[in-house]
Amino acid sequence: MENLEITFIKTPLGTTEIGGDNNGIQYIKVHDEELDISTQIPVVLQSCVSQLQQYFEGTLNEFSCLLNPQGTHFQKKVWDALLKIPYGKTTSYAELSIALGDIKAIRAVAAANGKNPLWIVVPCHRVIGSDGSLTGYAGGLWRKKWLLEHENPVKQQSLF
C-alpha cells in the first residue's frame with residue numbers, strides 16, 4: 001500500500017488539503033478554519049497543486065492530474081459523469097440522472113455528488129437544481145456561487 005502524502009495550500013476559498021500517492025489524488029477538500037500552509041509540496045502532489053493555482057488564476061479550465069478517488073462503483077460512475085460537465089456550464093441533478101441512464105436515481109446521484117472527494121477537480125459545483133437554484137454544496141453555497149461566477153465571469157447588468 002502506498003503512503004498517502006498530504007499538503008495544505010492557500011486558495012481564495014480557504015485552506016485546501018490535498019491527499020494522494022503515486023496512484024493519484026485521493027481527496028481535495030477545503031477547510032473553513034485557517035490551517036498551517038505546507039512549506040514543502042510532496043512530488044506526487046505538485047501537479048495537482050500547480051493546476052489548482054492555475055485554476056484560481058483563471059488560466060486553467062481542465063484538470064489533467066491523476067485521480068484515484070475512493071468510493072463505490074456507483075459513486076465513481078457519478079464522479080466520472082461530473083468530469084464531463086464543461087467548464088463554465090451547469091447541469092441539473094435530473095439531467096445528470098438521465099445521462100447516467102435512470103431518472104429515478106436522482107436522489108442516489110445527488111448523494112454521490114455530495115460525497116465527491118475531489119473538490120473543484122471533479123466539478124460537483126456545476127450541478128444545480130432543475131429550477132436553476134444553487135442547491136446543497138458540501139463546501140457551502142457561498143463557495144459554489146463563487147466557483148460558478150469564477151468559471152462564467154459574464155457580468156449581468158442590473159436593472160435596479
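All residue numbers refer to positions in the sequence shown, counting from 1. The basis for the numbers below is simple: all heavy atoms, side chains too, and nothing from hydrogens, waters or symmetry mates. This is a predicted model, so every value here is computed, not measured.
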N/O donor to acceptor pairs below 3.5 angstrom from side-chain atoms of residues 71-79, sequence neighbours left out:
residue, atom, partner, partner atom, Å
T72, OG1, Q75, N, 3.0
Q75, OE1, T72, N, 2.8
W79, NE1, A112, O, 2.9

Parallel, tilted or perpendicular: which one describes the rings of Y55 and Y87, with boundaries at 30° and 60°? perpendicular

Where L67 and V122 come nearest, the two heavy atoms and their spacing: CD1-CG2, 4.2 Å

Which pair of heavy atoms, one from V109 and one from Y93, lies closest together, and at what distance? CG1-O, 4.5 Å

Identify the heavy atoms of G19 and L4 that sit nearest to each other, and give their distance. C-CD1, 3.9 Å

Looking at P69 and L118, what are the two nearest heavy atoms and their distance? CB-CD1, 3.7 Å

ILVMFWY cluster membership beyond I103 - transitive side-chain contacts under 4.5 angstrom: I98

Do E17 and Y27 have side-chain N/O donor and acceptor atoms under 3.5 Å apart? yes

Quick check: closest heavy atoms across V44 and G20, and the distance to 0.1 Å? CG2-O, 4.1 Å

For E33, is the CD atom crowded, meaning more than 12 foreign heavy atoms sit under 6.0 Å from it? yes

State which residues pass side-chain hydrogen bond (donor to acceptor under 3.5 Å, both in side chains) with D32; sequence neighbours excluded, sorted by chain then number. R143

Can you tell me how the ring of H125 sits relative to the ring of Y137, calling it parallel under 30°, perpendicular over 60° and tilted otherwise? perpendicular

